[in-house]
Protein chains: 2
Amino acid sequence: MVYSLMLSRRAKYGLRSLIYLTKQKGQGPIQIREISEELAIPRKFLEAILLDLRNDGILQSRQGKIGGYFLERSPDTVTMGHLVRLFDGPLASVPCVSQTAYARCDDCTEEHHCAIRWVMKEVRDASARILDQTTLEQVVEKSNQLCGRDEIEYQI
Amino acid sequence: MVYSLMLSRRAKYGLRSLIYLTKQKGQGPIQIREISEELAIPRKFLEAILLDLRNDGILQSRQGKIGGYFLERSPDTVTMGHLVRLFDGPLASVPCVSQTAYARCDDCTEEHHCAIRWVMKEVRDASARILDQTTLEQVVEKSNQLCGRDEIEYQI
DNA sequence: AGTACTCCTACCAACTCAGTAGGAGATTAT
DNA sequence: ATAATCTCCTACTGAGTTGGTAGGAGTACT
């Protein structure tokens with residue numbers, strides 16, 4: 001079975017790293033190696049992912065010996081919608097219903113008459129409603145709930 | 001920009017063909033060639049897609065000279081959810097929240113503690129709620145509305 | 001100076017997607 | 001009977017994406 005509407009590994013690794021970094025907030029830079037070991041993510045792959053998050057302004061980094069990554073933006077300002085779009089592109093399952101990356105379907109003759117567009121827009125809107133209103137902070141809270149707040153075990 | 005959560009061309013072609021066939025219901029078998037010309041879908045590609053729909057029991061076919069395809073199931077019993085799953089796999093964006101094709105995420109240590117799972121389940125449920133309650137019949141109705149019911153122009 | 005980290009470019013194997021090619025088998029019309 | 005016209009089926013292909021690796025330059029602390 002193929003899962004073509006699925007979150008990429010890149011996105012999952014990125015999200016899990018952000019949750020980890022949020023839980024460690026205020027403790028100075030965390031190194032790629034630590035995250036990669038703790039969350040079982042290939043180190044070199046993780047490097048590229050964290051770099052993307054830094055270039056987007058969500059993370060900040062420090063170079064050199066005691067360098068590493070830490071949150072730049074407050075986790076209550078980072079939405080899941082933003083993150084999923086960052087990693088995997090628009091939420092819309094057809095380009096002609098995307099808010100953030102609209103494009104005509106190249107195989108659709110007249111989009112105003114397109115019933116597929118209509119139903120897929122409903123789906124997009126429902127997904128966006130959830131993802132754009134869920135913040136990283138809320139996800140971390142939920143994660144703490146699920147794990148038991150006091151444990152320092154980073155099940156995300 | 002990459003669209004990794006997108007409907008495949010296969011799915012779009014399949015859906016458009018089904019809408020076309022629904023509108024022609026009761027008029028005997030419609031040939032691949034006609035559909036492919038009318039909807040601008042590559043003929044050989046369409047062959048494979050219609051065959052899948054037949055093997056799934058949604059379409060029926062007739063071989064030979066005046067053969068072709070026609071609906072086997074009534075369009076009010078065919079849901080968009082079923083069709084999207086048939087073409088593109090599970091709706092869930094992570095396998096561990098799929099109702100129809102559950103699987104553990106191989107990179108997730110303990111799913112009951114996974115906050116990503118939690119939010120993605122909300123998204124899946126919202127999408128499924130829409131897609132599983134929208135039938136092919138409703139989509140065709142909507143298409144007729146959008147096109148003007150009397151025109152015989154198959155903008156879908 | 002040495003060490004340990006981030007940053008950056010280039011590369012790679014495996015897989016998926018969107019088709020094509022060619023023909024066997026079925027059915028009808030002549 | 002046979003030609004025509006359709007579906008059915010297998011195999012193949014080129015382009016693009018995913019999930020990484022390799023190697024090293026640059027940066028900062030000790």
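The sequence lines fix the lettering, A, B, ..., with proteins before strands; numbering per chain opens at 1.
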Can you see if the side chain of [X] gets near the phosphate of [N] - specifically, an N or O under 4.0 Å from OP1 or OP2?
X	N	answer
B:Ser61	D:dC8	yes
B:Gln63	C:dG25	no
B:Arg10	C:dC17	no
A:Arg33	C:dC5	yes
A:Arg62	D:dC29	yes
B:Tyr13	C:dA18	no

Starting at atom [atom1] of [X], determine the distance to atom [atom2] of [N], rounded to an integer number of angstrom.
X	N	atom1	atom2	value
B:Tyr69	D:dT7	OH	P	7 Å
B:Phe45	C:dG22	CZ	P	19 Å
A:Leu7	D:dG19	CG	P	10 Å
A:Arg9	D:dT21	CZ	P	11 Å
B:Leu59	D:dC8	CG	C1'	14 Å
B:Phe87	C:dA18	CZ	C1'	14 Å
A:Glu34	C:dT6	CD	P	10 Å
B:Ile41	C:dG19	CD1	C1'	13 Å

Ionic contact status for [Y] with [X], cut-off 4.0 Å:
X	Y	answer
B:Lys121	B:Asp125	yes
A:Arg85	A:Asp132	yes
B:Asp52	B:Arg10	yes

Quiz item: Counting side-chain heavy atoms from C-beta on, which of C:dT28, C:dC7, C:dT3 comes nearest to A:Lys65?
Solution: C:dT3

Quiz item: Picking from D:dT7, D:dG20, D:dT5, which would you name as closest to the side chain of A:Pro42?
Solution: D:dG20

Quiz item: How about B:Lys44 and B:Ser36: does a side-chain donor come under 3.5 Å of a side-chain acceptor?
Solution: no

Quiz prompt | Pairwise 5' ranking along DNA chain C for A:Glu47 and B:Ala11, keeping only the more 5' one | solution = A:Glu47

Quiz item: Of the non-hydrogen atoms in B:Thr77 and B:Ser74, which two are nearest, and what is the gap between them?
Solution: OG1-O, 2.7 Å

Self-check item: Distance-only donor-acceptor test, B:Lys44 side-chain atoms vs C:dG22 base atoms, 3.5 Å
Solution: yes

Exercise. Determine the contact category for A:Ile32: base if any of its heavy atoms lies under 4.0 Å from a base atom, sugar-phosphate if only primed atoms, P, OP1 or OP2 are that close, otherwise nothing.
Key: sugar-phosphate

Self-check item: First encountered from the 5' end of DNA chain D, between A:Gly64 and B:Ile66
Solution: B:Ile66

